[in-house]
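Indexing begins at 1, ligand by ligand and atom by atom, following the structure's order. No hydrogens, no waters, no symmetry mates; every other heavy atom, side chains included, goes into these values.
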Amino acid sequence: MKIILLGPPGAGKGTQAKLISEKYTIPHISTGDIFRKNISEKTTLGVKAKEYMDKGLLVPDELTIDLVKDRLSESDCKNGFLLDGFPRTVKQAEALEDFLRINNQKIDTALLIDVPGKLIFERMTGRRVCPACGASYHVKFNPPKIEGKCDACGSDIVQRKDDAEETVRDRITVYEKQTQPLVEYYNSKDQLFVVDGTQSIEEVFNTISNYMGSKK
Ligand code: ADP
Ligand code: AMP
């Protein structure tokens, strides 16, 4: 199963990706997570990516596309994958399509988690993440059992730098200009499934699971 998760920042892509990848045993590939790992390890890529991410801008296509191609070439992606946060531009989507076509493959579905702008802001500013294990929470909608501590590993959870209010505004604008055109891109190829992302985490997951089940 080859799935792309589309949606504005804060729509719930990472939250659903974790659930979907567990259910279907496919790797969850988040370009944002890969960049954050490189930043924490201070690699050359991390230093370059940080400049853009801190401002809420997209990391240039030249850096992002090759990274994803390399990741998709790894053996665990043979039977499928779930892309979270990629593609984010039409150029990235075309590069992915070309890459898969060379191997006679194509994606099964682009799942759009649809959430209106006014809800996104609250989702993003309330998001907290675990720097140690990557688990994600929300102060109101998905709080950890003990305030400020990760359920999975007990570390202190933190706010992502790019989830600060000023940067969130810029990220939403970037999404509307650069990523939203992908909705029509996949719709025109009959590969789009839209899920109402205003539902609870469980309801969104059930809707996606039912749809994936119906496609088999
Ligand atoms: P994305 O990966 O699309 O940027 P996340 O999965 O990190 O988004 O979700 C953003 C925030 O919203 C997180 O704090 C998450 O816990 C919360 N969240 C995710 N899905 C829902 C939902 N259906 N209802 C309420 N809050 C949600
Ligand atoms: P995310 O974790 O998906 O919210 O991504 C965090 C940030 O990483 C984004 O705001 C971008 O700066 C960068 N990023 C992640 N994925 C991509 C991508 N496909 N193209 C360009 N930049 C990306």
Side-chain angles (χ1 to χ4, degrees), residues 4-21 28-40 45-46 48-69 71-72 82-96 111-116 118-130 134-144 150-151 157-164 167-179 182 195-208:
I4 289 171
L5 277 180
L6 284 179
K13 299 183 295 298
T15 305
Q16 296 300 325
K18 190 170 181 305
L19 300 170
I20 298 167
S21 73
H28 166 199
I29 302 170
S30 155
T31 36
D33 284 351
I34 297 174
F35 288 135
R36 280 184 288 277
K37 185 163 184 283
N38 276 273
I39 290 174
S40 72
L45 173 66
K48 282 190 197 152
K50 189 175 188 308
E51 270 180 52
Y52 298 91
M53 289 170 74
D54 282 354
K55 294 183 196 136
L57 301 174
L58 294 186
V59 177
D61 288 336
E62 307 81 79
L63 297 177
T64 310
I65 290 170
D66 286 344
L67 177 94
V68 173
K69 283 188 192 171
R71 180 65 187 87
L72 292 180
L82 174 65
L83 283 169
D84 160 15
F86 184 95
R88 260 177 154 106
T89 62
V90 170
K91 198 166 167 206
Q92 291 179 11
E94 288 169 348
L96 174 66
L111 294 171
L112 169 67
I113 307 184
D114 193 23
V115 178
K118 60 181 191 314
L119 290 187
I120 290 171
F121 198 77
E122 189 182 15
R123 292 246 185 122
M124 288 173 85
T125 52
R127 171 161 57 190
R128 299 292 180 270
V129 295
C130 174
S136 172
Y137 301 91
H138 192 281
V139 288
K140 188 162 147 196
F141 305 127
N142 183 24
C150 176
D151 290 348
I157 56 174
V158 298
Q159 186 174 40
R160 266 169 53 174
K161 194 171 178 189
D162 61 350
D163 279 345
T167 319
V168 164
R169 266 184 258 281
D170 293 339
R171 291 171 66 199
I172 293 172
T173 308
V174 164
Y175 172 78
E176 286 168 353
K177 281 205 184 124
Q178 294 183 263
T179 309
L182 293 183
V195 50
D196 174 7
T198 65
Q199 307 172 95
S200 70
I201 292 173
E202 198 186 17
E203 285 166 337
V204 174
F205 181 56
N206 285 340
T207 308
I208 293 173

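Every atom of ligand 1 with a heavy atom of F141 under 4.0 Å away is listed here by number and element: 25 (C), 26 (N). Less than 4.0 angstrom separates some heavy atom of G14 from each of these atoms of ligand 1: 1 (P), 2 (O), 6 (O). Below 4.0 Å from some heavy atom of Y137 lie the following atoms of ligand 1, by number and element: 13 (C), 14 (O), 16 (O).
For ligand 1, the polar-atom distance check against K13 finds a nitrogen or oxygen pair separated by under 3.5 Å. For a threshold of 3.5 Å applied to N or O pairs, the pair formed by G126 and ligand 1 contains no separation below that value.
A donor-acceptor pair under 3.5 Å is formed between the side chain of R171 and the backbone N or O of D162. Here the side chain of T207 pairs a donor or acceptor atom with the backbone of E203 at under 3.5 angstrom. Not one N or O on the side chain of R128 forms a donor-acceptor pair closer than 3.5 Å with the backbone of V139. Put simply, the side chain of Q92 never gets that close to the backbone of I65: no donor and acceptor are under 3.5 Å apart. With hydrogens and angles ignored, the 3.5 Å screen pairs no side-chain donor or acceptor of K50 with any backbone N or O of S40. Between the side chain of T89 and the main chain of Q178, no donor-acceptor pair closer than 3.5 Å is present. The backbone N or O of I20 sits nowhere less than 3.5 Å from a side-chain atom of H28 that would complete a donor-acceptor pair.
Of all protein heavy atoms, the one closest to atom 6 (O) of ligand 1 is T15 OG1, 2.5 Å. For atom 21 (C) of ligand 1, the closest heavy atom belonging to the protein is I201 CG1, 3.4 Å. Given atom 8 (O) of ligand 1, the protein heavy atom at minimum distance is G12 N, 3.2 Å. The nearest heavy-atom contact from the protein to atom 7 (O) of ligand 1 is R127 NH1, 2.6 Å.
Side-chain atoms of I157 and V129, non-hydrogen and from C-beta on, never get closer than 4.5 Å to each other.
Note that CD1 of I4 is 11.0 Å distant from CD1 of I29, once rounded to the nearest 0.5 Å. Here the CD1-CZ distance, from I120 to R169, works out to 13.0 Å after rounding to the nearest 0.5 Å.
For G10, the heavy-atom gap to ligand 1 drops under 4.0 angstrom. Using a 4.0 angstrom heavy-atom cutoff, Q199 counts as in contact with ligand 1.
Counting only non-hydrogen atoms, the option in R123, K140, R171 that gets closest to atom 11 (C) of ligand 1 is R123.
Within the 4.0 Å heavy-atom criterion, the part of N142 lying near ligand 1 is the side chain and not the backbone. Neither the backbone nor the side chain of A17 has any atom closer than 4.0 Å to an atom of ligand 1 (non-hydrogen atoms only).
The existence of a salt bridge linking K161 and D54 is confirmed by a sub-4.0 Å separation between a basic side-chain nitrogen and an acidic carboxylate oxygen.
For V115 against T198, the heavy-atom pair with the smallest separation is CG2-N, 4.3 Å. F35 and T64 get closest at one heavy-atom pair: CZ-OG1, 3.7 Å.
Annotation: ligand 2 has protein neighbours T31, G32, F35, R36, M53, L57, L58, V59, T64, G85, F86, R88, Q92, R160, D162, R171, each with a heavy atom less than 4.0 angstrom from the ligand.
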